[in-house]
Structure formats: structure tokens, C-alpha cells
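Here's the structure we're looking at; comments come further down.
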Amino acid sequence: MRFTKTAAVMAAAGALLLAGCSGGNSNTEEPTVKEEVTFEAGTTMARLHDAGKITVGTKFDQPLFGLMGLDNKPEGFDVEVAKIIAGELGIKPENIEWVEAVSANREPFIENGQVDIVVATYTINDKRKEVVSFAGPYYIAGQDLLVLNGNPDGIKGIDDVKGKKVCSVTGSTSAQNLKDAGVEVIETDTYSNCLTPLRQGEVVAVSTDNVILAGLADQNPGEFEVIDNPFTEEPYGIGLKKDDTDFRNFINDTLEKSFNDGRWASAWESTAGKVLSTPTPPTIDRY
Ligand code: GLU
């Protein structure tokens, strides 16, 4: 009896330890939070700093970039980039309110003021610039294809899926690019919801940015592979209220500082860098 009880306690402790490892941000250094910062009255920076909190829209189901952990804290490169920005506003990570963004609700979330910023594998493009503004880019991805392990259909690139069914997400550049290329797109709301149709052979591939696909492949070992033949450029920006130029300049300055002082690289290394090699920082586009 005694042995059984001890074993049970040990098993429970082991499980807790495991849960702690997989669900936490245990390997992520906490970002620098500015103690003494002041901002010009009336700016978004002053409002957020004085409130001591910021609301950030991010993905909750994209490993490596934005994934909600078991401890109810999101983790990923986007999450770390948002923490760097919050830190420059004097806001601690625990005072960030995380809101799940999916591809289709990012512009409305910003327009309606439901979030202060969106950091969510969010491609900067002219169509979106009509309704929101972007700081960045802070990373440049490329659209690619995810197929079943072993690549049963022998897909080498976008040309091989034209006229075939491919799963992607409503409101994304990925779905639009596929349609423009003559691919039959099966749409859902999140990329993780594309995996079952792929497993069941309802589509021949899932398509979005290579780094999102790499995260999904890594999360499901032995099930999927990324074709690794990107056919677009997807500059990731931070979405904010349209024409809030002071805030956009502030975020651009913050990103540039983080590129130069190592914070951007360590944000990458503690998240996406566990699977992907470290890129060089892109050039900020102060359009
Ligand atoms: N980066 C692309 C986009 O913003 C695809 C990824 C996504 O949907 O988040 O639409």
C-alpha cells in the first residue's frame, strides 16, 4: 500500500513537472520593462503607459508564433515581440491582455478598438493599409505548402496544386494568393482546423506561411511535411489604428532598437528558433 501511494505521488509530481515544462515560458527570458518612461500627453503611448496595460490580438493555435499554453499564457515569437513593445511602454508582461485573433478578425479588432495592437503573423499589404496601419516588418515569411508525410501526391510547388483542393483560412493573404493562382480553396477559420481535412484526404495540401506550417509539422511529429518551395513574400507587421502615426513611429523605433540590442534575436531563439534558424532582421518600412 505504502509503495503504491508513494509511486502515485511520484507519478503526479512527474506529471506536474512535465506540464510545467511544456506549458510554460520556462526558457523565455522576461523582456526589459522600462521603469521611468514618459510620453507626450494625448498620444496612444501615454494612454497605454498611464493605464499600465495593453490589449494584444494574437493567434492562439499557431505553434512557434502564437500558441496558448496550458498555463493560460500564450507563447511564441509574436508573443515575445508584443512583450518587447509593452516593455518599452513600461508595461509588464503580466499586464498584457491577450485576445485571440484569427485571420479574418484582425482588421475589425483594430478598427473597433477591441485590441490596441495585433501581432499575429499579419502580412503588411496595401489592401489592409486602407483600414489599419502597420509598423514593421519584424519578419518576412513566404507562403508554402504542407502535405502528408512522404508527400503521396508528389507535390513540388504551387503549380502542382492548381485545380486541386487545398485548405487555407478565410481573410488571409494565403487563401487569396491560392485563388489568384487557380487553386480550389477549402476555407476554414484557423490553420489548425485544416489538419483534419488533410489527414482525411479531403484536400491535397494546407497552404499558408512557411513558418506557420513548420510549427504545425513540429507539433505533430511524423504526420506532415513542408514542401519548402515558398512562392510569396509575407512581411509581418504590427497592426494598429489607421493613421496613428506617433504610435506607429514609436513601434518602429522599438523594433529597430530590438533588432540592434539583441532582444529581437533572443525572442526568436527562445521560440521559433527552437525549430527554425535565426534570420537577419528585415528593414523597417516607414511608409
Ligand atoms: N500572413 C498571412 C496573412 O496575414 C497568412 C497568415 C495568417 O493568416 O495569419 O494573412
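What you see below is based on every heavy atom in this structure, not just the backbone, and it leaves out hydrogens, waters and symmetry mates. Numbering of ligands and ligand atoms starts at 1, following listing order.
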Roughly how far, to the nearest 0.5 Å, is the [atom2] atom of [Y] from the [atom1] atom of [X]?
X      : Y      : atom1 : atom2 : result
Tyr139 : Thr280 : OH    : OG1   : 10.0 Å
Asn220 : Asn149 : CG    : CG    : 11.0 Å
Glu75  : Asp71  : CD    : CG    : 7.0 Å

Handout entry: Cationic tip of Arg248 above Tyr287 ring, under 6.0 Å, 45° of axis
Key =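 Geometry flag: set, cation within 6.0 Å and 45°.
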Looking at ligand 1, does [X] have a heavy atom less than 4.0 Å from it?
X      : answer
Arg128 : yes
Gln143 : no
Val169 : no

Only heavy atoms of [X], strictly under 4.0 Å: list the atoms of ligand 1 that pass.
X      : result
Tyr122 : 4 (O)
Ile212 : 6 (C)
Ser174 : 5 (C)
Ser172 : 8 (O), 10 (O)
Tyr236 : 1 (N)
Ala120 : 9 (O)

Structural part of [X] in contact with ligand 1, heavy atom criterion under 4.0 angstrom:
X      : answer
Ala141 : neither
Thr208 : side chain
Asp209 : side chain

Practice task
Please work out whether the ring planes of Trp264 and Phe259 are parallel, tilted or perpendicular, with thresholds of 30° and 60°.
Solution key: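 Ring orientation of Trp264 relative to Phe259: perpendicular.
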Problem - Plane angle bin for Phe65 and Phe77 - parallel if under 30°, tilted between 30 and 60°, otherwise perpendicular - result: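 Perpendicular.
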Exercise for the section: Could you tell me whether Ser103 and ligand 1 have an N or O pair separated by under 3.5 Å? Expected result: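 Yes; the residue has a nitrogen or oxygen that sits under 3.5 Å from a nitrogen or oxygen of the ligand.
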Exercise for the section: May I ask you to check if ligand 1 and Lys59 share an N or O to N or O distance below 3.5 Å? Expected result: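 By distance alone, the answer is yes.
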Practice task
Among all protein heavy atoms, pick out the one at the shortest distance from atom 2 (C) of ligand 1; state its residue, atom name and that distance to 0.1 Å.
Solution key: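 Of the protein heavy atoms, Thr173 OG1, 3.1 Å lies nearest.
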Handout entry: Check ion pair Asp243-Lys129 (N to O, under 4.0 angstrom)
Key =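 Salt bridge absent between Asp243 and Lys129.
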Problem - Check ion pair Glu184-Lys162 (N to O, under 4.0 angstrom) - result: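 No salt bridge links Glu184 with Lys162.
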Exercise for the section: Please lay out, stage by stage, how Glu88 and Lys83 fare under the test salt bridge (charged side-chain N to carboxylate O under 4.0 Å, His left out). Expected result: CA-CA 9 Å; Glu88 288 285 307; Lys83 286 182 192 169; over 6 Å; no
Exercise for the section: Could I get the full list of side-chain contact (heavy atoms from CB on, under 4.5 Å) partners for Thr283, not counting sequence neighbours? Expected result: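 Thr283 satisfies side-chain contact (heavy atoms from CB on, under 4.5 Å) with no residue once adjacent residues are dropped.
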